[in-house]
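Remarks on the structure that follows.
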Amino acid sequence: MQADLLKRDLESLIHSLHDPKAHRAGHVWVRGEGALLFDADGKEYIDGLAGLWNVALGHGRRDLAEAARAQLETLAYASGYTGHSNERAIELAEKLARVTYPRINRFFFTSGGAEANESAIKFARSYWKLRGRPSKTKVISRELGYHGTTLAAMSATGIPGYWPLFEPRVPGFTHVPSPYPYRAQTTDGSAYGVTIANELEKAIVREGAETVAMFLAEPVIGVGGVVVPPDDYFPRVREICDRHEVLFAADEVITGFGRTGRWFALEHWGVAPDIVQFAKAITSGYFPLGGVGISDEIARALDEAQVPWMHAYTYSAHPTGCAVALRTLEIIEEEHLVAEAARKGARLIEALRAGLGQHPHVGEIRGKGFMCAIEFVKDRETKQPFPSEEPVVSRIHEQAQMRGLISRTRGDVFVLAPPFVTPDDLVDRIAEILKAATEAVLGR
Ligand SMILES: Cc1ncc(COP(=O)(O)O)c(C=O)c1O
């Protein structure tokens with residue numbers, strides 16, 4: 001039955017990251033329940049990535065469906081263009097002002113993460129123009145960063161595989177290295193974060209601070225392989241951005257709303273951004289919604305402007321999306337899911353380390369909160385990666401799927417970000433499956 005659906009699918013759809021070869025062994029999902037997904041053949045899988053890092057509250061929730069239904073019946077849609085608003089959008093913005101960083105109190109809503117990043121870039125450019133600094137337009141982002149695939153977001157994305165078919169990229173975008181502690185070259189581990197942050201300062205000076213609008217970074221790199229920065233990195237980034245009057249925009253599309261064990265991830269390092277982008281978990285994936293929060297200073301510039309801010313989406317502040325988001329945030333609070341994400345993440349990392357920590361091809365098991373990764377290597381001593389023509393981690397993923405676990409990989413890294421509601425026994429099961437899948441491909 002699934003084979004038949006896949007055949008029809010291949011004849012009728014173009015998919016995100018379209019690749020018919022990879023798709024042939026794909027899944028057609030028909031039902032979800034908590035941390036479990038069921039495919040068209042009735043086979044059950046643990047959803048190791050909570051959909052695409054978004055289904056934080058798990059599948060099949062009546063409370064979220066009810067929030068959507070109630071809003072759809074009352075007012076499914078209303079314009080969010082200036083002169084129009086809706087109650088749910090107002091309530092959601094007020095709620096976000098309470099849970100995001102203290103000086104972020106105004107919000108613009110989008111349909112997802114890439115639109116949030118596009119909007120953040122436009123906020124930064126327009127802010128500087130309104131403040132009489134029109135030459136500040138450039139965007140500095142990071143190698144390994146992922147910000148979505150619309151043209152500006154793609155240009156900010158620092159994973160080159162996303163570029164070739166779509167170039168030229170938008171001009172005025174440059175990349176600096178991300179801290180990658182496992183692959184750090186420095187011997188002085190204590191200053192590693194500062195050393196890498198200083199690359200940002202060099203880039204600002206090289207480009208000319210008068211031309212740089214913003215620095216864009218994920219607090220914990222997600223798609224690029226769950227890379228956690230050292231503690232000294234973001235405090236230094238904040239200092240550098242302040243010194244050179246560059247806005248700091250945090251892409252919290254994955255890390256927002258509890259994934260790392262804090263409501264927003266820069267809280268781990270006592271740092272606040274000027275702009276924050278969010279999406280994914282804000283509706284737990286039950287409705288496409290994202291957005292941008294801006295500092296009081298940026299909001300003031302927009303409020304005082306003599307010209308309208310000509311940026312807009314038909315689905316900005318969608319009442320149904322806002323209703324689902326409000327209910328999602330309430331449930332995160334009611335069920336203490338931020339603390340649960342921290343606890344379950346620690347449990348998962350411990351279980352992975354117990355099972356695979358000594359494996360000769362496991363280089364590192366890392367994570368922050370409930371987003372984790374295993375980086376596989378050909379040689380544990382030298383950290384030498386597997387040659388690119390040896391798709392070892394894809395084979396481990398195949399083996400994991402055969403044992404009932406679905407997630408994603410990037411190069412030699414297997415990433416995990418299960419729903420916050422995953423029961424403890426399934427958290428342990430994820431680690432068991434990965435141990436068995438690894439041993440099936442690479443031996444003990
Ligand atoms: C950090 C980050 N930013 C932006 C995006 C793009 O979001 P969307 O796919 O909703 O456009 C993603 C998607 O994975 C992401 O992980």
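Note that ligands are numbered from 1 as they come in the structure, with each ligand's atoms numbered from 1 the same way. Along the sequence shown, residues carry numbers from 1. Treat the numbers as computed from the prediction; the structure is a model and nothing was measured.
- By the 4.5 Å heavy-atom criterion applied to side chains, Thr149 and Phe166 are not counted as neighbours.
- Taking every heavy atom of Tyr146 and a limit of under 4.0 angstrom, the matching atoms of ligand 1 come to 1 (C), 2 (C), 3 (N), 5 (C), 12 (C), 13 (C), 14 (O), 15 (C), 16 (O).
- Side chain to side chain, Tyr313 and Glu118 fail the donor-acceptor criterion of an N or O pair below 3.5 Å.
- For an aromatic pair to be called close, the ring centres must be under 6.0 Å apart, and Tyr45 with Trp29 satisfies this.
- Aromatic pair Tyr162/Tyr146: ring centres closer than 6.0 Å.
- Within the 4.0 Å heavy-atom criterion, neither part of Leu52 lies near ligand 1.
- For a threshold of 3.5 Å applied to N or O pairs, the pair formed by Gly112 and ligand 1 contains no separation below that value.
- For atom 7 (O) of ligand 1, the nearest non-hydrogen atom of the protein is Gly113 CA, 3.2 Å.
- Aromatic ring centroids of Phe109 and His318 lie 6.0 Å or more apart.
- For ligand 1, one of its N or O atoms has an N or O atom of Lys280 under 3.5 Å away.
- Assignment of Val223 to the shell around ligand 1 is supported, since a heavy atom sits closer than 4.0 Å.
- Test Arg61, Glu340, His59 against Val421 for side-chain contact (heavy atoms from CB on, under 4.5 Å) and you get one pass: Arg61.
- Not one N or O of Gly148 is nearer than 3.5 Å to an N or O of ligand 1, by distance alone.
- One finds the CZ atom of Phe376 at 13.5 Å from the CD atom of Glu390 (value rounded to the nearest 0.5 Å).
- Considering backbone and side-chain atoms alike, Asp251 places an N or O below 3.5 Å from some N or O of ligand 1.
- For the salt bridge (Lys or Arg N to Asp or Glu O under 4.0 Å) test with Arg327, the passing option among Glu91, Glu334, Glu66 is Glu334; the others fail.
- Residue-ligand proximity, Asn117 to ligand 1, at heavy-atom distances under 4.0 Å covers atoms 3 (N), 4 (C).
- For atom 5 (C) of ligand 1, the nearest non-hydrogen atom from the set Ile221, Thr110, Val253, Val220 belongs to Val253.
- Residue His147 touches ligand 1 through its backbone alone, judged by heavy-atom distances below 4.0 Å.
- Among protein heavy atoms, the minimum distance from atom 16 (O) of ligand 1 is reached at Ile254 CD1, 3.2 Å.
- Remark: the His147 side chain and the Ser141 side chain contain no N/O donor-acceptor pair separated by less than 3.5 Å.
- Neither the backbone nor the side chain of Trp53 comes within contact range of ligand 1; no heavy atom lies under 4.0 Å.
- Under 4.0 angstrom from ligand 1, the non-hydrogen atoms of Ala114 come from both its backbone and its side chain.
- For ligand 1, the atoms lying closer than 4.0 Å to a non-hydrogen atom of Glu218 are 1 (C).
- Taking a distance limit of 4.0 Å, we find that atom 10 (O) of ligand 1 is approached by some protein heavy atom.
- For the pair Lys383 and Tyr182, the cation-pi test (distance below 6.0 Å, angle within 45°) is passed.
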